[in-house]
Amino acid sequence: MSSLIHKQIIVGVTGGIAAYKSAELIRQLRQQGAEVRVVMTSGACQFITPLTLQALSGHPVHQHLLDPTTEAAMGHIELARWADAIVIAPATAQCITELAAGHADQLLTAVCLASQNVPSILAPAMNQQMWHHPNTQRNVARLSEQGWHMVGPAYGEQACGEVGPGRMSEPQDIVQAVTDLFSTGALADCRILLTAGPTVEAIDPVRFVSNHSSGKMGYALAAAAVEAGAQVTLISGPVALPFPEHVQGVRVTDAEQMLAQVLQQVEHCDVFIGCAAVADYRPTQSALHKLKKSDQPFTLEFVPNPDIIATVARLPNKPIVIGFAAQTMDLIKNARQKLMTKGLDGIVANLVGGADRGFNADDNALTLIDDNNEINLPLMSKQQGARKIIKWLVQQFWQNNMKDKSV
Ligand code: C5P
């Protein structure tokens, strides 16, 4: 169910003969839609040139820890923050030893040390005796305990002529393992209803009142929820985006239509996420025909729109309800107030009004708020933010909900 579109993957290449296979791995990751940045050790450069991997990844290869120019552009901490996942293929015995010992004297190991919460894969490749050695096995066990996923090594004939486990797994198997990292299944059996985009409130047949919401955040959330195994219905105001794969999409125009659709679907959902920027008011009357221009001042009367999320939160069998608070100032205070007055379980606060974040931008800096906690996320893509929100939903609300049901 998962693809690698919008996923940011670091491919680490270390110095083994299998390094030639990492070229094909990078090609296949990009073919699946991933963005790839390559980090090579000096040993890796003895086996394959950085130029080859630069051409395949579409970006300069990162090689040095203490190079002032590269550190200024994208240093080890930025690389670690950028990554949705790290794959080291091939991972030599030396690399595995250094990772297990927590070394950080090479760019690749420093990036890994700064990426504790980033899902990571090792594709070991070495002589079969080196693989069987108790030191290697102890290091592998230690890294597995820390959450590293091992792919391979595969059994077969090795470059040194010996036969046994130690060949790097084939690129397609590693790509599959990367894809599996994102399909967590954490929301299997969960039905999610989402609203997204703006609402458009008609003044007359050609004019309207609306806002700058692009729908990107809500659509990214729908995709991330599907990836986690949820059954997702997305009720969307007018936006230019196609519905993500495997999402049941419903298009509406104004707030009243959105409310009607929500009320029709809400009974069948476990979680409701109100991501739509619903217009607070609509014109009291929408004129049947186009209003004529005149040189007189023109006054339009508005009535408040129904509050969709508050309506859902008041239902007797209400689902878990998560809202959004887009603010230009006093972000946390206003978000907490909305959490309380609307009766929500959680709220995602984000500052809007700057060109680099919020409405219409590709990035967002979010704060995830519930009754007890606040989690601040740095500026990141809406796809990355969406995956963090889904993880929060699972850990903070869904798992507890499942526990309550099982008692
Ligand atoms: O009150 P405000 O618009 O700031 O609240 C934002 C939250 O409330 C969002 O989750 C939004 O989707 C939801 N909302 C709603 N119906 C409205 C107004 C806001 O569901 N009429």
Side-chain angles (χ1 to χ4, degrees), residues 8-30 34-67 69-71 73-80 82-83 85-115 118 120-128 130-131 136 139-140 143 148-154 158-160 165-175 177-178:
Q8 301 179 171
I9 315 289
I10 289 180
V11 175
V13 184
T14 67
I17 180 65
Y20 76 94
K21 286 199 210 168
S22 50
E24 178 59 14
L25 170 65
I26 293 162
R27 201 186 65 77
Q28 289 192 20
L29 286 170
R30 290 200 66 200
E35 254 198 76
V36 175
R37 297 282 191 280
V38 179
V39 179
M40 292 177 81
T41 62
S42 48
C45 300
Q46 306 286 323
F47 289 93
I48 186 165
T49 69
L51 198 59
T52 304
L53 301 192
Q54 169 172 324
L56 287 167
S57 67
H59 294 278
V61 165
H62 302 264
Q63 296 177 63
H64 307 294
L65 181 59
L66 299 175
D67 177 340
T69 47
T70 50
E71 279 290 301
M74 205 187 206
H76 60 290
I77 301 297
E78 276 76 23
L79 272 170
W82 176 87
I86 297 176
V87 186
I88 303 185
T92 57
Q94 173 67 17
C95 162
I96 289 172
T97 306
E98 288 176 5
L99 287 174
H103 286 190
D105 56 348
Q106 290 226 36
L107 179 59
L108 183 57
T109 46
V111 169
C112 292
L113 206 63
S115 311
V118 178
S120 304
I121 289 178
L122 280 179
M126 66 196 74
N127 164 275
Q128 53 99 17
M130 292 168 81
W131 172 252
T136 307
N139 290 331
V140 166
L143 291 171
W148 282 85
H149 300 262
M150 299 291 156
V151 180
Q158 305 197 293
C160 55
R167 288 171 60 84
M168 181 174 125
S169 290
E170 292 307 315
Q172 80 251 27
D173 297 331
I174 302 174
V175 171
V178 177

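Hydrogens, waters and symmetry mates play no part in the numbers below; they use all other heavy atoms, side chains included.
Atom CZ of Arg167 is separated from atom CE of Met126 by 14.5 Å, given to the nearest 0.5 angstrom. Between the CG atom in Leu79 and the NE2 atom in His76 there is a gap of 9.5 Å [rounded to 0.5 Å]. Note that CG of Asn127 and CD1 of Ile17 are 13.5 Å apart. Values are rounded to the nearest 0.5 Å.
The shortest distance between side-chain heavy atoms of Gln54 and Val61 falls below 4.5 Å. Within the 4.5 Å cutoff, the side chain of Ile9 has no heavy atoms near those of the Ile86 side chain. Within the 4.5 Å cutoff, no side-chain heavy atoms of His149 are placed close to those of Leu122. The closest side-chain heavy-atom distance from Val140 to Pro124 is not below 4.5 Å.
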For residues 103-113, dump all side-chain donor-acceptor pairs below 3.5 Å to protein atoms at least two apart in sequence or in another chain.
unit_1	atom_1	unit_2	atom_2	d
Thr109	OG1	Gln106	N	3.4
Thr109	OG1	Gln106	O	3.1

Taking only distance into account, with no hydrogens and no angle test, what donor-acceptor pairs under 3.5 Å do side-chain atoms of residues 39-51 form with protein atoms, sequence neighbours excluded?
unit_1	atom_1	unit_2	atom_2	d
Thr41	OG1	Ala44	N	3.2
Thr49	OG1	Thr52	N	3.2
Thr49	OG1	Thr52	OG1	2.8

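When atom types are taken as modelled, the side chain of Thr14 and the backbone of Pro90 share a donor-acceptor pair closer than 3.5 angstrom. Panel note: side chain Thr136, backbone Met130; a donor-acceptor pair is recorded below 3.5 Å. Gln158 places a side-chain N or O within donor-acceptor distance of the main-chain N or O of Gln128, the cut-off being under 3.5 Å. Judged by distance alone, with hydrogens and angles left aside, the side-chain atoms of Arg37 form no donor-acceptor pair with the main-chain N or O of His59 at under 3.5 Å. Side-chain atoms of Gln8 never come within 3.5 Å of backbone atoms of Ala83 as a donor-acceptor pair (strictly under, hydrogens ignored).
Between Thr92 and Gly16 the shortest heavy-atom distance is CG2-N, 3.9 Å. Residues Ala114 and Ala80 share a closest heavy-atom pair of O-CB, 3.5 Å. When every heavy atom of Ser22 is checked against every heavy atom of Leu53, the shortest pair comes out as OG-CD1, 4.4 Å. Shortest non-hydrogen contact noted between Ala125 and Met168 is CB-CB, 3.7 Å.
Lys21 has no carboxylate O lying under 4.0 Å from a charged side-chain N of Glu24, or vice versa, which leaves the two without a salt bridge.
Across Val151, Ile174, Val13, a single residue satisfies side chain to side chain contact (heavy atoms under 4.5 Å, CB included) together with Val87, and that is Ile174. A side chain to side chain contact (heavy atoms under 4.5 Å, CB included) with Val36 is found for one member of Ile26, Leu25, Ile10 and no other, namely Ile26.
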List the steps, then state whether side-chain contact (heavy atoms from CB on, under 4.5 Å) holds for Leu99 with Ile88.
CA-CA 11 Å; Leu99 287 174; Ile88 303 185; 3.9 Å; yes

